[in-house]
Amino acid sequence: QAQLVESGGGLVQAGGSLRLSCAASGRIFSTKTMGWFRQAPGKEREFVAAVSWGGGVTLYADFVKGRFTISRDNAKNTVTLQMNSLKPEDTAVYYCAAGSRLLKGAHEYDRWGQGTQVTVSS
């Protein structure tokens with residue numbers, strides 16, 4: 001069973017950048033779609049981005065297009081979310097997830113990390 005561990009969260013000023021990483025253990029990583037979700041206080045968890053098992057296809061939420069980039073390295077069992085031009089509304093706990101299909105619904109993902117906090121100050 002794959003275990004997912006996020007890192008790279010922190011505090012940044014608006015307009016700044018952060019790079020989140022997710023390290024996966026387990027042999028099935030390279031066969032899984034990998035995604036990032038986020039959850040702000042008092043709000044539901046929402047889709048941010050996902051990448052296909054081979055890395056060739058990506059999917060983004062409209063609110064991060066042009067600012068965030070998802071990528072993966074199957075040799076290292078890692079998936080990365082590069083976040084640029086951050087806004088205060090990007091403040092949330094960010095979760096890494098593994099699933100079977102490249103879709104936006106959280107129910108499509110059956111493995112989840114513990115999350116990493118991202119705080120963007122204005």
Side-chain angles (χ1 to χ4, degrees):
Q1 180 168 328
Q3 303 293 325
L4 306 176
V5 179
E6 302 95 336
S7 62
L11 174 65
V12 65
Q13 288 188 333
S17 299
L18 280 175
R19 186 178 181 88
L20 304 184
S21 293
C22 174
S25 61
R27 295 183 298 168
I28 63 173
F29 175 80
S30 63
T31 67
K32 288 285 192 179
T33 288
M34 297 300 298
W36 287 95
F37 288 75
R38 69 186 188 185
Q39 188 167 18
K43 296 187 177 181
E44 293 186 353
R45 190 170 298 191
E46 63 181 354
F47 172 80
V48 175
V51 60
S52 62
W53 66 269
V57 182
T58 56
L59 185 64
Y60 293 96
D62 287 344
F63 56 79
V64 301
K65 284 182 179 178
R67 299 191 298 128
F68 293 8
T69 302
I70 188 171
S71 60
R72 68 189 295 163
D73 185 338
N74 286 346
K76 297 181 178 179
N77 282 5
T78 58
V79 60
T80 299
L81 185 68
Q82 177 67 42
M83 305 187 295
N84 299 327
S85 302
L86 283 162
K87 305 174 182 180
E89 52 263 44
D90 293 318
T91 295
V93 177
Y94 283 70
Y95 297 90
C96 175
S100 298
R101 299 192 294 174
L102 189 66
L103 295 171
K104 296 182 178 181
H107 63 278
E108 301 286 348
Y109 298 80
D110 55 6
R111 299 286 185 269
W112 293 84
Q114 295 299 306
T116 185
Q117 177 70 46
V118 171
T119 303
V120 184
S121 63
S122 58

Residues Ala40 and Ala92: closest non-hydrogen pair is N-CB, 3.8 Å
Taking every heavy atom of Ser85 against every heavy atom of Ser17, the minimum-distance pair comes out as N-OG, 4.4 Å
Exactly one candidate in Val51, Leu20, Thr116 meets side-chain contact (heavy atoms from CB on, under 4.5 Å) with Leu81; the answer is Leu20
### Query
Hey, mind stepping through Arg38 and Asp90 against side-chain contact (heavy atoms from CB on, under 4.5 Å) and telling me if it holds?
CA-CA 9 Å; Arg38 69 186 188 185; Asp90 293 318; 2.8 Å; yes
Is the shortest heavy-atom distance from the side chain of Gln117 to the side chain of Thr91 under 4.5 Å? yes
Here the gap from Gln13 atom CD to Ser122 atom OG, rounded to the nearest 0.5 Å, amounts to 9.5 Å
Exercise. Does Arg111 use its side chain to pair, donor to acceptor, with the backbone of Ala98 at less than 3.5 Å?
Worked result: no
Nearest heavy-atom approach of Gln39 to Lys43 is NE2-O, 3.1 Å
Determine whether Leu102 and Trp53 satisfy the following criterion, side-chain contact (heavy atoms from CB on, under 4.5 Å), listing intermediate values before the conclusion. CA-CA 9 Å; Leu102 189 66; Trp53 66 269; over 6 Å; no
Checklist line | Cationic N near anionic O, under 4.0 Å, Lys65 to Asp62 | finding: yes
All heavy atoms of Gln82 vs all of Arg19, minimum pair found to be OE1-NH1, 3.0 Å
task = Indicate yes or no for a side-chain donor-acceptor contact from Tyr60 to the backbone of Gly66 under 3.5 Å, with no hydrogens or angles considered.
result = no
Given the options Phe47, Tyr95, Phe37, Tyr109 meets ring pair (Phe, Tyr, Trp, His ring centres under 6.0 Å) only with Phe37
Worksheet item: In terms of hydrophobic clustering (I, L, V, M, F, W, Y; side-chain heavy atoms under 4.5 Å; direct or indirect links), are Val12 and Met83 co-clustered?
Response: yes
Please check if the side chain of Glu6 supplies one atom and the backbone of Gln114 the other of a donor-acceptor pair under 3.5 Å.
yes
Practice task
For side-chain contact (heavy atoms from CB on, under 4.5 Å), just list the numbers for Lys32 and Ser100, CA-CA rounded to whole Å, side-chain angles, deciding distance to a tenth of an Å, and then say yes or no.
Solution key: CA-CA 6 Å; Lys32 288 285 192 179; Ser100 298; 3.7 Å; yes
Residue pair Glu46, Phe63: steps toward the side-chain contact (heavy atoms from CB on, under 4.5 Å) verdict | CA-CA 11 Å; Glu46 63 181 354; Phe63 56 79; 3.7 Å; yes
task = Determine whether Cys22 and Leu4 make a side-chain contact, defined as any pair of heavy atoms from C-beta on separated by less than 4.5 Å.
result = yes
### Query
Given the rule that I, L, V, M, F, W and Y join up when any side-chain heavy atoms are under 4.5 Å apart, are Trp112 and Leu59 in one cluster?
yes
For Val118 and Leu18 the tightest heavy-atom approach is CG1-CD1, 3.8 Å
